[in-house]
Peer 1: 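Next up is a structure, given as structure tokens.
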Amino acid sequence: MNTNTRKFPEGFLWGGAVAANQLEGAYKEDGKGLSTADVSPNGIMSPPDFSLEQFNLYHDAIDFYHKYKEDIALFAEMGFKAFRFSISWTRLFPNGDEVEPNEKGLQFYDNMIDELLKHKIEPVITISHYEMPVGLVKNYGGWKNRQLVEFYERLAKTIFTRFKDKVKYYMTFNEINVLLHAPFTGGGLLFEDGQKNEQDIYQAAHHQFLASALAVKAGHEIIPGSQIGCMIASMVTYPYTSKPEDMFAALTQDRKTLFFSDVQSRGKYPTYMLNYFKDKNIQIEMADGDLELLQNHTVDYIGFSYYMSFVASTAPEHQDEKTAGNLLAGVKNPYLKASEWGWQIDPVGLRTVCNQLYDRYQKPLFIVENGLGAVDKVEEDGSIQDDYRIEYLDAHIREMKNAIGDGVEIMGYTSWGPIDLVSASTAELRKRYGFIYVDRDSEGKGTNNRYKKKSFDWYKNVIATNGEDF
Ligand code: BGP
């Protein structure tokens with residue numbers, strides 16, 4: 001291969017990604033309301049506990065709310081070009097349905113963004129990342145209620161109007177497809193019998209599609225030249241064997257994910273999904289004008305997270321040997337090793353997914369999450385030798401570079417959790433992703449001081465050489 005084609009473009013957005021509830025803390029400060037994360041004691045897959053007596057690591061997280069200057073200085077030292085973060089809905093609209101935003105909440109993000117710009121780091125905003133006001137769950141039933149579209153549109157417009165001169169990159173919903181797997185975290189949905197119900201889930205998805213299209217519309221009007229993307233958890237699936245049925249099972253599994261980006265990027269419901277709804281007797285309530293809205297305001301780029309790949313098999317014996325994945329258990333791939341949490345490590349899968357998404361949509365891609373969750377050990381001399389993390393990221397960055405060589409347009413790469421933060425699926429601090437170690441444990445004990453891991457200098461060099469020499 002001609003190595004010149006395998007080159008990261010000038011201005012490639014290297015950096016890191018976080019979510020408000022996983023690092024900010026200060027969950028009751030400056031007028032913030034209670035969010036669904038604040039009542040998710042065991043992570044995103046578990047049911048909520050509306051009692052505040054329950055200890056919850058998200059309440060204080062790593063106290064980024066007060067330490068952001070120190071943390072951003074460390075990101076700047078690594079040479080970050082971009083920092084992806086989410087806006088906590090409840091800092092701006094504590095119950096979700098207020099008409100006027102909370103100025104103190106806006107001020108926090110204003111200050112934080114100024115700090116990023118001071119260091120020449122491009123802010124990348126996720127408007128909604130796995131949390132919403134508890135008020136919208138209790139009083140409206142979450143995203144199955146169409147009124148949420150209006151509340152979200154208000155949130156998005158408030159953000160665009162306030163940050164229009166400072167922020168160009170946005171994405172509408174984090175891992176929108178995870179609504180299928182974690183409907184409370186993705187959509188504030190609760191089910192009376194505790195059983196997931198696809199009718200509510202897909203109705204909620206329709207409302208999120210509308211909300212996303214309205215945000216794209218408003219963003220383009222308020223900020224000419226802004227880039228507003230979707231964000232999916234990519235879940236590339238391989239057939240276990242070359243048996244045609246396995247191949248079809250893999251395709252069907254992938255469509256569960258791609259359905260979301262199909263609607264947001266192609267602007268219409270794909271026939272395979274409309275037929276699925278008919279088969280399952282799922283009736284999506286739509287209003288006049290909904291389909292035009294989706295068609296007229298598609299996303300500018302495809303944002304996605306990539307951690308692992310999946311396998312589909314029709315063989316009964318494979319159904320019993322699931323991986324230990326905490327978000328989604330799947331069939332084991334005999335060719336891959338897995339992380340301690342059962343996430344199957346597959347760098348080549350990243351190249352595959354980049355090619356698939358680009359072939360399908362012909363829009364720029366933005367890899368906005370990737371990383372290894374691992375337990376780190378602090379050595380006696382205070383160092384953290386996280387070679388396993390370097391190995392994981394190194395292999396994935398090489399495959400991203402191969403994808404660029406294949407002709408895929410990639411805007412940037414923000415690795416997940418550049419500073420240790422609370423895990424979304426397990427609500428603990430044992431599972432760490434950072435280049436920066438935070439001295440805090442899952443019981444909330446520790447100094448909360450920050451220390452550089454071995455991977456800190458490694459990533460700094462990746463960025464300094466624009467991915468040429470690492
Ligand atoms: C993604 C989420 C993030 C993040 C990451 C790692 O699904 O968008 O919020 O947490 O996964 O997951 P975990 O924290 O469960 O290891």
Side-chain angles (χ1 to χ4, degrees), residues 15-24 35-38 40-46 56-58 61-62 64 83-89 124-132 171-187 208 229-236 257 260-261 303-310 323-330 338-345 350 353 366-376 388-389 392-393 396 413-435 438 440 442:
V18 301
N21 69 80
Q22 292 175 253
L23 91 166
E24 284 179 4
S35 94
T36 46
D38 298 325
S40 291
N42 303 311
I44 62 168
M45 294 299 283
S46 347
N56 177 333
L57 212 54
Y58 299 115
I62 60 158
F64 180 76
F83 180 57
R84 170 184 175 236
F85 60 94
S86 70
I87 302 274
S88 160
W89 194 335
V124 178
I125 291 183
T126 312
I127 296 172
S128 174
H129 189 133
Y130 278 174
E131 61 172 342
M132 57 191 287
M171 59 200 86
T172 54
F173 287 93
N174 179 63
E175 294 189 336
I176 186 167
N177 54 312
V178 167
L179 179 63
L180 290 182
H181 315 288
F184 177 68
T185 303
Q208 293 192 345
C230 61
M231 180 347 189
I232 55 167
S234 70
M235 295 186 188
V236 60
T257 303
F260 289 84
S261 36
F304 68 95
S305 61
Y306 178 83
Y307 292 92
M308 60 192 140
S309 60
F310 295 85
T323 60
N326 49 7
L327 184 63
L328 277 179
S339 80
E340 274 179 78
W341 279 266
W343 295 19
Q344 305 191 87
I345 301 170
L350 177 60
V353 93
F366 197 167
I367 302 170
V368 295
E369 285 186 32
N370 174 236
L372 178 72
V375 177
D376 289 327
Y388 37 89
R389 182 167 294 110
Y392 177 101
L393 294 170
H396 284 77
Y413 173 89
T414 53
S415 77
W416 176 252
I419 183 165
D420 293 341
L421 37 64
V422 184
S423 156
S425 56
T426 61
E428 58 178 355
L429 256 162
R430 216 167 66 83
K431 188 182 193 189
R432 295 167 181 265
Y433 287 85
F435 306 111
V438 176
R440 189 148 203 252
S442 294

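One-based numbering, in listed order, for ligands and for the atoms of each. Note that this is a predicted model, so its numbers are computed, not measured.
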Peer 1: Between ligand 1 and Ser425, is the shortest N or O to N or O distance under 3.5 Å?
Peer 2: yes

Peer 1: If every non-hydrogen atom of Ala374 is compared with every non-hydrogen atom of Tyr388, which pair is closest and at what distance?
Peer 2: CB-CE1, 3.8 Å

Peer 1: Only heavy atoms of Ser423, strictly under 4.0 Å: list the atoms of ligand 1 that pass.
Peer 2: 13 (P), 14 (O), 15 (O), 16 (O)

Peer 1: Answer yes or no: does an N/O atom from Trp343 fall short of 3.5 Å to an N/O atom of ligand 1?
Peer 2: no

Peer 1: Could you walk me through whether Asn21 and Tyr130 satisfy the side chain to side chain donor-acceptor pair (under 3.5 Å) test, starting with their C-alpha distance in whole Å, then the side-chain angles of each, then the deciding distance to 0.1 Å, before giving a yes or no?
Peer 2: CA-CA 8 Å; Asn21 69 80; Tyr130 278 174; over 6 Å; no

Peer 1: Can you list the ligand 1 atoms lying under 4.0 Å from a non-hydrogen atom of Asn174?
Peer 2: 8 (O)

Peer 1: For Ser86, what residues pass the side-chain hydrogen bond (donor to acceptor under 3.5 Å, both in side chains) criterion, not counting sequence neighbours?
Peer 2: none

Peer 1: Residues two or more places apart in sequence or in another chain: which of them pass ring-ring contact (aromatic ring centres under 6.0 Å, His included) with Tyr58?
Peer 2: none

Peer 1: Show me which atoms of ligand 1 lie under 4.0 Å from any heavy atom of Tyr433.
Peer 2: 6 (C), 12 (O), 13 (P), 16 (O)

Peer 1: I need the contact type for Trp341 against ligand 1. Using non-hydrogen atoms and a strict under-4.0 Å cut-off, is it side chain, backbone, both or neither?
Peer 2: neither

Peer 1: Can you find an N/O atom of Ala424 closer than 3.5 Å to an N/O atom of ligand 1?
Peer 2: yes

Peer 1: Which ligand 1 atoms are under 4.0 Å away from a heavy-atom of Lys431?
Peer 2: 13 (P), 15 (O), 16 (O)

